[in-house]
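Accompanying notes for the structure given below.
Residue numbering restarts at 1 for every chain, and letters A, B, ... go by the order of the sequence lines.
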Amino acid sequence: LQSDQNQPISIEADNGVVDQGKQVTVFSGNVVVKQGSIDIRASKIEVSRTNDSNQIMTATGSPVTFKQQLDGGKGWVNGQGQKVTYQSASGLVTLSGGAKVQRGGDMVQGNNITYNTKTEIYTAAGSKSASGSDRRVTVILQPSSTQK
Amino acid sequence: MNISSRMMPLVFPMVLAVLMGGMTFWLNRATDVNVETTLLDLSQPQYVMKDISGLRFDAQGLPVQTLVAKEASMYPNSNDVLLQQPDGQVWQQGQPLYRVSSQEARYADQEEKIFFKQEVVLTKTAVDGGLEGKVSMPTLTVDIPTQMAHTDAEVQYEYGQSHGSAVGFNYDKKNDVLNLQSRVKAIIYDEQP
C-alpha cells in the first residue's frame, strides 16, 4: 500500500547488534519486519545507512519471504529469494537466488527480480546455471477476465 | 640535741625522693595504657558522606566527569564505595555525552567496576542534531578499564519516537557497538529531529 511508507517499522529478532560507528544494525535469528502491510521474514537482516541518510536493508534466509498488500483491493504480492535487498530511497526490492514473485494469479520466477514498491512494477532476469545452460525467466500472466 | 633534730636534714630529701619516685611510678602507669582494638560493627558504615558532588576537569579546564549522589559510604575492611541515588555524567569537549543514574550503586575498587541497581537509566545525549537515546533496566555493570557496560536483565530503549526492548545487552563504548542479546523488539519511526 502507498501508506506503508509512512508507517513505523516493527522488527522482532533473537539478537540485534547496533554498530553506531559504521551506522550498521544487524538483526539475526527468526527476524520479522513489518511496515504497514509489508511483511518480511528472514534469518538475518542488515540495515545500513548511506551518507545521504537513506537506508539499505539486506535480508538473507532460506528463503527470505516478502509480502505486501496492493492498493485498490488488488490482493497481495508475495515474493521470496535467498537474498532480498530494499532501498528506501528508490523503493526498490531486489530478490535473488531462486527468486519468485506472485501477484494474484500472475507469477514470475528467475534468478533476479526487481520489484518497485512505488510503481508496483517488477522486472526479472535469468542467469547461467553451473553447467552453462541458460536459466530462463518464467512468467505466468493470467488473462484479466479470470482475475475476478 | 635529740635524734629527731639530727634526722630532720635527712627526712626532707627522703620525703622528696619518695614523692618523686611515686610521681614517676604513677606517670609511668598512667601512660602505660593498653590500647584494646575494639572491632567495628561490620554492619555499620565506617565513613558516610551526605549529598556529595564531584567534578573532574580536563587539561583545558572543561568538565570530563561529574558525579552527584545523596550519600556515599564505606564499610569496615572494604574499599568499596556504596552510593545512594548516584547520577554520573561523562562529558566530551565540554558537552554532556553519557549519563547513568540509579537508586543504588557499588563501586568495587579491586575490580574497577561499578554495579548499578534499581531504576538504572543510561542516557546518550543528542549530538550533531541527532536524538537522545535512553536505555532503562534494573541492573547494569560498568567495567571502567574496558569501557564496557553489560546487563542480563530486560531492557527498554527509546530513541526519539522509536522504542523497543530486549533481554540483556553489552555496550562496547570504545567501538560504539551495542549488542542486544535476545528477544529483540523494535518499533522504528522515520525520525526527523
Side-chain angles (χ1 to χ4, degrees), chain A residues 1-61 86-92 117-118, chain B residues 90 92 95 97-99 122-137 146-193:
Chain A
L1 299 172
Q2 287 298 329
S3 61
D4 289 343
Q5 308 273 334
N6 312 318
Q7 306 297 319
I9 298 172
S10 153
I11 297 178
E12 291 193 19
D14 293 344
N15 177 271
V17 177
V18 181
D19 188 330
Q20 293 188 309
K22 296 174 186 155
Q23 292 279 295
V24 172
T25 301
V26 178
F27 293 101
S28 50
N30 304 305
V31 185
V32 178
V33 177
K34 293 180 180 176
Q35 183 181 30
S37 73
I38 295 173
D39 182 306
I40 299 172
R41 312 246 166 167
S43 49
K44 177 180 173 186
I45 287 186
E46 180 173 308
V47 183
S48 55
R49 187 183 291 268
T50 56
N51 293 337
D52 51 5
S53 285
N54 283 302
Q55 290 188 346
I56 297 176
M57 187 169 75
T58 304
T60 50
Y86 170 68
Q87 300 174 45
S88 63
S90 59
L92 281 182
T117 56
K118 292 179 181 172
Chain B
V90 172
Q92 196 168 44
Q95 296 302 317
L97 193 60
Y98 289 99
R99 184 176 180 182
L122 172 63
T123 307
K124 185 173 187 206
T125 318
V127 290
D128 306 333
L131 294 166
E132 177 182 271
K134 190 173 281 192
V135 186
S136 310
M137 64 224 105
T146 61
Q147 294 187 35
M148 300 274 288
H150 163 78
T151 186
D152 287 323
E154 175 159 352
V155 300
Q156 309 284 335
Y157 53 88
E158 307 157 29
Y159 181 75
Q161 269 189 294
S162 304
H163 55 276
S165 64
V167 174
F169 85 80
N170 287 298
Y171 179 56
D172 176 352
K173 180 174 175 295
K174 280 181 192 167
N175 299 305
D176 215 355
V177 173
L178 171 68
N179 183 339
L180 302 168
Q181 282 172 354
S182 67
R183 292 176 41 211
V184 180
K185 289 186 177 139
I187 306 287
I188 301 169
Y189 286 81
D190 202 2
E191 303 289 353
Q192 302 307 329

With chain A, the option among B:Val177, B:Leu178, B:Val167, B:Asp172 that has the most non-hydrogen atom pairs under 4.5 Å is B:Leu178

The interface call for B:Lys174 against chain A, heavy-atom contacts under 4.5 Å, is neither

Residue among A:Asn6, A:Val26, A:Asp14 with most heavy-atom pairs under 4.5 Å to chain B | A:Asp14

Point-to-point distance, once rounded to the nearest 0.5 Å, from CD1 of A:Ile11 to NZ of B:Lys185 | 13.5 Å

State, to 0.1 Å, how close A:Ser10 and B:Ile187 come at their nearest heavy-atom pair, and which atoms those are.
-> CB-CD1, 3.6 Å

Please tell me if the side chains of A:Asn15 and B:Asn179 come closer than 4.5 Å, counting only heavy atoms from C-beta onward.
-> yes

At a heavy-atom separation under 4.5 Å, does B:Ala186 approach chain A through its side chain, its backbone, both, or neither?
-> both

Heavy-atom closest pair, residues A:Asp19 and B:Asn175 | OD1-O, 4.0 Å

Residue B:Phe169 versus chain A: region with a heavy atom under 4.5 Å | neither

